[in-house]
Amino acid sequence: MLSDSALPILAALAHPTRLEAFRLLVQSEPEGLSTGQLVEASGLSQSTFSTHLAVLAKAGLVKSEKRGRHIIQRAEIDALRGLMLFLAKDCCQGRAELCEPLLAELACS
């Protein structure tokens, strides 16, 4: 990932509503959440939340799939992984003493 690709992702996540929606979607993987569930969790109107969802989708953080009558939103885990790797590699510049503690802390238990 290059800076030009990371910036739209970081910008999309730089809003509290979008960050919380993305966090909920990551926590809900692999099932995802319906748009209605996300709207309800946000406390916003459907139209206001749709604007936020569109920003996340444009940044490549969310994908939609139709299941019956519902639109299910899912987090793009590969985009999250790419962003995290970009930040770690770019900031650490291959310096193990910086990266190893960070990676150890990120490791899921």
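Below, all heavy atoms of this structure are taken into account, side chains as well, without hydrogens, waters or symmetry copies.
Q73 contributes atom CD, which lies 12.5 Å from atom CG of L24 (distance to the nearest 0.5 angstrom). Summarising the geometry, atom CG belonging to L25 is positioned 10.5 Å from atom CD belonging to E76; distances are rounded to the nearest 0.5 Å. Of the inter-residue distances, the one linking K63 atom NZ with I72 atom CD1 reads 13.0 Å to the nearest 0.5 angstrom. Atom CG of L61 sits about 9.5 Å away from atom CD1 of I77, to the nearest 0.5 Å. The line from CG of L53 to OG1 of T17 is 12.0 Å long, rounded to the nearest 0.5 Å. Once rounded to the nearest 0.5 Å, the distance linking CG of D78 with CG of L83 reads 12.5 Å.
A donor-acceptor pair under 3.5 Å is formed between the side chain of S34 and the backbone N or O of Q37.
Taking 4.5 Å as the limit, some side-chain heavy atom of P30 sits within range of a side-chain heavy atom of R74.
Nearest approach of L38 to A21, heavy atoms of both residues: CD2-O, 4.2 Å. Heavy-atom minimum distance, S45 versus V39: C-CG1, 4.2 Å. In terms of heavy atoms, A12 sits closest to A59 at CB-CB, 3.7 Å.
The residues R67 and E65 are annotated as salt-bridged, a charged nitrogen and a carboxylate oxygen being separated by less than 4.0 angstrom.
Linking Ile, Leu, Val, Met, Phe, Trp and Tyr residues whenever their side-chain heavy atoms come within less than 4.5 Å places M84 and F86 in a single cluster. No continuous path of hydrophobic side-chain contacts links V26 to L85 [ILVMFWY only; heavy atoms under 4.5 Å]. By the rule that hydrophobic residues join a cluster once side-chain heavy atoms approach within less than 4.5 Å of another member, L10 and V55 end up as members of separate clusters.
The number of heavy-atom neighbours closer than 6.0 Å to CD of E40, taken from other residues, nucleotides and ligands shown, is 12 or below.
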